[in-house]
Amino acid sequence: MKVIFHPRFYEVYTSDPAAAPGRMESMVRALEKEFEFVEPGPASERDLERVHGRNHIQSVKGEPQVYEVGILAAGGAILAAEMAFEGQPAFGLIRPPGHHASPHSCWGFCYFNNIAIAIKKLIAEGKIRRALILDFDLHYGDGTANAFSGSPDVIYSHPEGSNRDPFLENLRKPLRTHGEYDILAVSAGFDRHEEDWGGLLKTEDYFSIGKWVKEASIQHCRGRRFGVLEGGYNHAVLGKNVHRFLQGLMD
Ligand SMILES: [Zn+2]
């Protein structure tokens with residue numbers, strides 16, 4: 001299990017909670033002893049264009065630092081997806097996050113839709129045809145849903161639930177029922193933790209989620225699975241939550 005990370009993700013490229021100083025450090029500290037880190041290259045403009053319109057790309061370019069870190073984040077998701085396709089589970093420890101980035105607009109601390117860019121690249125290269133995207137972030141990934149509207153081969157699943165057990169049950173259901181996919185991709189947001197914005201999940205739940213994803217991928221798509229970071233804002237618990245998720249997800 002490899003962690004995809006670039007030192008430029010430490011940069012405070014803007015003033016939102018996803019770009020906050022110290023956020024990546026809290027996770028790197030929790031992961032660096034146990035996992036091998038791999039540095040991604042940037043996504044190409046062609047990679048971005050599989051999801052985003054030219055005008056949107058140009059407008060992000062207007063903030064050069066955001067653009068430079070943003071294409072590394074998208075490149076990190078691509079590398080995680082490629083490793084997963086080759087049979088090596090991986091996690092993109094990346095920012096800015098991506099699931100609120102739609103083809104022609106973005107909000108919610110996102111600029112480019114990292115996970116959509118990665119999945120569309122694998123499809124464009126003929127490596128996969130179908131994908132299941134599980135998004136357990138507190139917030140609905142409107143950007144990801146928009147990127148794949150009209151693409152019946154890519155299922156986007158965002159479980160809801162205001163109580164812990166029903167939420168976890170809603171999360172498991174599509175892993176059991178959507179049997180037809182070639183890769184299982186996870187938008188991993190940790191803002192539903194009991195000490196984060198959503199106030200719901202326990203740290204151990206992230207281990208269970210990782211394990212369910214692993215089991216489903218082994219059952220349905222030869223173990224091909226990867227995750228990318230989305231939200232999660234309490235630096236005091238973010239590291240241990242990501243750590244437990246990866247322990248569940250790894251072999
Ligand atoms: Zn969120």
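Model, not experiment: these values are computed from the prediction. Computed over heavy atoms, backbone and side chain alike; hydrogens, waters and symmetry mates excluded. In listed order, ligands and their atoms are each counted from 1.
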Do any N/O/S atoms of H139 come under 2.8 Å of the Zn ion (ligand 1)?
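Coordinating: yes.
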Check whether any N, O or S atom of D191 sits under 2.8 Å from the Zn ion (ligand 1).
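Checking the Zn ion (ligand 1) against D191, an N, O or S atom does fall under 2.8 Å.
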Would the [X] and [Y] ring centres measure less than 6.0 Å apart?
X	Y	result
F85	F226	no
F109	Y13	no
Y140	Y156	yes

Please find the N/O/S atom of D137 nearest to the Zn ion (ligand 1) and write down its name.
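That would be atom OD1.
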Is the closest side-chain donor-acceptor distance between N55 and H104 under 3.5 Å?
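Checked: N55/H104 side chains show no N/O donor-acceptor pair below 3.5 Å.
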